Amino acid sequence: MPELPEVETVRRDLEKYLIGASFQSIKIINFKNVAPRATFLAKFLKGKKIVALGRRGKLLIVDLSAPDKHLLFHLKMTGQLIYEQSNKTLAGGHSLSDDSLTKAVGGKLPNKYTRAIFDLDKNRHLYFNDIRKFGYIKLVSNDELRDILKNNYGPEPMDKEFSFDYLKELCQKRSAPIKAVILNQKLIAGLGNIYADEALFAAKIRPDRPAKSLKRSELLDLHNLIIIIIKQAIKARGTTFRNYVDARGKKGNFVNYLQVYQRQGQTCLVCGGIISKIKVAGRGTHYCPHCQK
DNA sequence: AGTATCCTGGAA
DNA sequence: TTCCAGGATACT
């Protein structure tokens, strides 16, 4: 599931290929989570350029050459944003092929899960794929974007504002499970189910502990490890457990470093005990009963 | 604070 | 055939 490290990987990839690209035409296919409606969006985007790619939590923000307009992408559970340049015969007769790069997504694009196609200049194409159609595409003004960010996104792990004191204050008065607290995007932006479980394992804290029950030393560890794990995951280009791929259709490598996520029934890599799976905050939750107290 | 909802595919 | 995956929101 695309969380902060996955969206950041896509953002960095797209930044390499799409800065300065201008929209030619767009197609929306059997997909409702688009605002404004597809025909208006297509007309608006035509000729506009991509000037910057930003991110807040799991939200990808495309700044456009139109003043006061941003195109937002949220991948939710199964969204993918894949860049491709069409095969093109060069002056010398050589053929430019992207086949090796499209193989990771299982063949040619668009595919049956392609919900939007953005055709850009220089034979560049951006495909928005989403099996479950939970993701969304939204064109917003400066004011709308400011409100969205202000109302829904707390500081993210690498921000200065995500200090130890901030985390301590969040937890002090909450009886909700610590996992629910660190998953709440309004409190900390960017963690999802994978990195929440991994951070709590690394900090040796049971996910169902009431947040207010955490000791200072545990909060210190959790604060440090959230930051460290998110950084490591970005370095590894994210985690591909099911559907996530980067902007070139390739898988993330952090799956090789997972300690507990989806490892229920397997042996703990630290103590050799058996990893458990329970439900916390409505999510499948993986932890080691021996290591995590 | 917990639960239903949006969807679909894959596993049990 | 039913359950599960879990991001975010709308409910209760």
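Quick note on labels: first sequence line is chain A, next is B, and so on, each numbered from 1. Keep in mind that what you see is a predicted model, and the values were worked out from it rather than measured.
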Anything under 3.5 Å between a protein N or O and an N or O of nucleotides 7-10 of chain C, put it in a table, one pair a line.
from  : atom 1 : to       : atom 2 : distance (Å)
C/dG7 : OP2    : A/Asn193 : N      : 2.9
C/dG7 : OP2    : A/Arg283 : NH1    : 3.2
C/dA8 : OP1    : A/His74  : NE2    : 2.8
C/dA8 : OP2    : A/Lys58  : NZ     : 2.9
C/dA8 : OP2    : A/Gln185 : NE2    : 3.4

Expected rows: protein N/O vs nucleotides 9-12 of chain B N/O, under 3.5 Å:
from  : atom 1 : to       : atom 2 : distance (Å)
B/dG9 : OP1    : A/Tyr113 : OH     : 3.2

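The residue from A/Arg283, A/Gln262, A/Gln259, A/His286 that alone fulfils the side chain to side chain donor-acceptor pair (under 3.5 Å) condition with A/Asp197 is A/His286.
Ion pairing of A/Asp246 with A/Arg237 is present here, as a side-chain N (NZ or NE/NH1/NH2) and a carboxylate O approach within less than 4.0 Å. A/Asp143 has a carboxylate O that lies under 4.0 Å from a charged side-chain N of A/Arg146, or vice versa, which qualifies the two as a salt bridge. Salt-bridge check for A/Glu6 with A/Lys58: failed, with every basic side-chain N at 4.0 Å or more from each acidic carboxylate O. Look at A/Glu8 and A/Arg11 and you find a salt bridge, because one of the NZ, NE, NH1 or NH2 atoms lies within 4.0 Å of a carboxylate O, short of that distance.
The salt bridge (charged side-chain N to carboxylate O under 4.0 Å, His left out) check on A/Arg209 picks up A/Glu218, with sequence neighbours excluded. Partners of A/Asp208 according to the salt bridge (charged side-chain N to carboxylate O under 4.0 Å, His left out) rule, which considers only residues two or more places apart in sequence or in another chain, are A/Arg206.
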Q: State the dot-bracket string of DNA chain B. Criteria: Watson-Crick or G-U wobble, both atom distances under 3.5 angstrom; notation: ( ) intrastrand, [ ] crossing earlier pairs, | interstrand, . unpaired.
A: ||||||.|||||
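A cation-pi arrangement is found for A/Arg248 relative to A/Tyr17, the charged atom lying closer than 6.0 Å to the ring centre and inside a 45° cone about the ring normal. A cation-pi arrangement is not found for A/Lys150 relative to A/Tyr153, the charged atom failing to lie both closer than 6.0 Å to the ring centre and inside a 45° cone about the ring normal.
Of all nucleotides listed (B/dA1, B/dT8, C/dG6), B/dA1 comes nearest to the side chain of A/Ser175.
Checked against the 6.0 Å centroid threshold, A/His223 and A/Phe162 count as a close aromatic pair. Aromatic pair A/Phe254/A/Tyr195: centroids less than 6.0 angstrom apart. Annotation: A/Phe44 is not in aromatic contact with A/Phe23 [ring centroid separation under 6.0 Å not met].
Put simply, NE2 on A/His286 is 12 Å from P on C/dC4, counting in whole angstrom units. The distance from atom CG of A/Asn111 to atom P of B/dT8 is 14 Å, rounded to the nearest whole Å. As rounded to whole Å, 11 Å separates atom P of B/dA1 from atom NZ of A/Lys173. Rounded to whole Å, the distance from NZ on A/Lys133 to C1' on B/dT5 is 16 Å. Here the P atom of nucleotide B/dG2 and the CG atom of A/Asp208 are 11 Å apart, to the nearest Å.
Atom name P, nucleotides C/dA10 and B/dC7: the rounded distance is 15 Å, in whole Å. C/dG6 and B/dA11 have their P atoms separated by 15 Å, with the value rounded to a whole Å.
At a threshold of 4.5 Å between non-hydrogen side-chain atoms, the residues A/His125 and A/Phe118 do not count as touching.
Under a 3.5 Å cut-off, the side chain of A/Glu198 and the backbone N or O of A/Tyr261 do form a donor-acceptor pair.
Scanning residues 137-148 of chain A for heavy-atom distances under 4.0 Å to DNA chain C yields an empty list.
A/Tyr261 comes within 4.0 angstrom of the backbone, heavy atoms only, and of no base.
Using a 4.0 Å cut-off, no side-chain N or O of A/Lys279 falls inside it from OP1 or OP2 of B/dG2.
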